[in-house]
Q: 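This is the structure I have questions about; it appears just below.
None of these values were measured; they are calculated from a predicted model.
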Amino acid sequence: MPVYQAPIADTLFVLNDLLDFDRHNNLPGFSDASPDIVEAILGEAGRFATDMFLPLNQVGDREGCRRADDGSVTTPTGFKAAYAQFREAGWGSLSADAAFGGQGLPHTLAAAVNEFLSSANMAFAMYPGLTRGAIAAIEQHGTPEQKQTYLPKMIEGIWTGTMNLTEPHCGTDLGMLRTKATPQGDGSYAITGQKIFISAGEHDLSENIVHLVLARIDGAPQGTKGISLFIVPKFVLDEAGQPGARNGVACGSIEEKMGIHGNATCVMNYDGATGYLIGEADKGLRAMFTMMNEARLGVGVQGLAISEIAYQNAVVYAKDRIQGRSLSGTKAPERQADPIIVHPDVRRMLMTIRAVNEAGRALILWTALKGDLSHLAEDAGERQAADDWMGLMTPVIKGVLTDKGFENAVMAQQVYGGHGYIAEWGMEQFVRDARIAQIYEGANGIQALDLVGRKLALNGGRAVQAFFKEVSAFCEENRSTEAMAPYTKALKKGLNDLQQATMWLMQNAMAEPDNAGAASTDYMHLFGLVALGYMSARSANVAQEKLASGKAGDAGFLEAKLVTARFFMDRLMPETAAHLARIASGSDSMMTLNEEAF
């Protein structure tokens, strides 16, 4: 069975040393997240992930979820008991609003815990993960009565939540949806239609499931302007607010999937189900995007999480597996051959995964902190700047880290050679599970279009210009520090490539929109490399300062930080030039062939 140890030391390095998390202790929630409390929470979360979630990962993959003839769904063996322990331990309420029973801690801390749980068992972690997104949408757009009715039970984990967008005939183009909502005269609506690919749509883990469903009210405009969002509980609540009669919503089937078998991905049939409008009529997408943005960041965490557990197991295998002798001389004379970790190409794979993981963890937690500050910072300018960062980085984190997560899982599988293809080792499951993250919550091509088509120009380009200025200032501040030269020089080159690519889009995308579409994925990955490189360089700077102070608690850990960041700059950052070259080639060779020629 695969092994996993939560990367607590690296997470604490990011929180304490890179983000200086404790300096925000004047803000609500942060005051209760002192360094010792944070360390205790992460330690316990890591233990829970390893002891409770990890042993069920292969079980869930083998067994999958089972649908009965009545539409009920049974989760794999052990899931129900483990979820009860998860709920009783309060993990789902970590960052939820204290006014509704949550612990009120920063979302940044919840993001770190989510990584641990998703590494240990991605399919299982999706159940509470989707509930968090539904909670966020109700918190922001629900009426006071809706909040009081649903949030306490969802935060406690007694009820869970889902998001219902996709229909058989439309995916990302939600303007084509056909699910309809008919007013019933008492303030409720009858919801009729079919939704597909609904993660955690039906299961036996909770007493009720609160579906958030996009539908079009009778007579509403066609397209995205006529879409509304509805709360549709599995069981309609009685006068006491408890689950009562079964609603007109049922799981028609469970999708046969490539991976994440432990999560019930359902076809949901709505047959006059009672639903309640959340937010304004015809403004459902705005409310749903609260949940979508939460989900997109969570999916980015999944990309990192699978990459991390794949890396850990590949390292264990590479240290144990012997094959051939080192090119630079025998390293293990007492053995018949050297362990494969001595071979440069194996190191290339392991170091690539490690470098992306460490930079990705820093970028996710940095962005999660911006999310907290966008709501809690006392200064309006700081709130705005934090919100700008969040909006800009959401498609980058979702798109880049899930692409890299899959690539890294495949690389880790390659380290195993033939054993990586055999189910008992666990690596092929990581590859299969990682693949979905590139697709759902808006396929990564959509994330790239969102970045290029919306986020760059938003507010006159305020967010991207602020990012350029921040990275450039960091390079300039450390330009004269000799020890930082390997990091800042490469980062500055990457930033220059990104700025050139941005300028090229400004000059060429308006006259020929296909240029923007053709450039979008390369631009997203170019942006991601610079953002990840920025995190690597900042990490190296902090590590150097701690080592120079003579007070470093773990010099070996910090020296490894420097080496990993140097590898990122030497081997990964140069890819920015290739992305820039592809962007500048335009769309001609991509779009010239007519459809019949394919």
Q: Check Arg47 with Glu44, please: is the shortest side-chain N to carboxylate O separation under 4.0 Å?
A: yes

Q: When you measure from the side chain of His525 to the backbone of Thr521, do you find a donor-acceptor pair of N or O atoms at a distance under 3.5 Å?
A: no

Q: Show the nearest heavy-atom pair for residues Ile341 and Arg347, with the distance to one decimal.
A: O-NE, 2.6 Å

Q: Quick test of your reading of the model: are Asp338 and Lys331 salt-bridged, counting only N-O distances below 4.0 Å?
A: no

Q: Looking at Arg361 and Glu308, is there a salt bridge between them, counting it only when a charged N and a carboxylate O are closer than 4.0 Å?
A: yes

Q: Check the surroundings of atom CD in Gln336: do more than 12 heavy atoms from other residues, nucleotides or ligands lie under 6.0 Å from it?
A: no

Q: Run Arg566 and Tyr487 through side chain to side chain donor-acceptor pair (under 3.5 Å) and show every step you take.
A: CA-CA 7 Å; Arg566 179 67 181 268; Tyr487 308 99; 5.6 Å; no

Q: Inspect the contact between Glu202 and Arg67 and indicate whether a charged nitrogen and a carboxylate oxygen are less than 4.0 angstrom apart.
A: no

Q: Which class fits the ring pair Phe48 and Trp91: parallel under 30°, tilted 30 to 60°, perpendicular over 60°?
A: tilted

Q: From the options Pro35, Pro106, Ser34, select the one residue that forms a side chain to side chain contact (heavy atoms under 4.5 Å, CB included) with Phe21.
A: Pro106

Q: Inspect the contact between Lys561 and Glu358 and indicate whether a charged nitrogen and a carboxylate oxygen are less than 4.0 angstrom apart.
A: yes

Q: Judged by atom type as modelled, is there a donor-acceptor pair below 3.5 Å linking the side chain of Asn164 to the main-chain atoms of Val213?
A: no

Q: Show your reasoning for whether side chain to side chain donor-acceptor pair (under 3.5 Å) applies to Thr162 and His211.
A: CA-CA 5 Å; Thr162 71; His211 302 291; 2.8 Å; yes

Q: Looking at the rings of Phe79 and Phe124, which for Trp means the six-membered one, are their centres under 6.0 Å apart?
A: yes

Q: Taking the six-membered ring for Trp and the full ring for Phe, Tyr or His, determine whether the centres of Tyr416 and Tyr421 are under 6.0 Å apart.
A: no

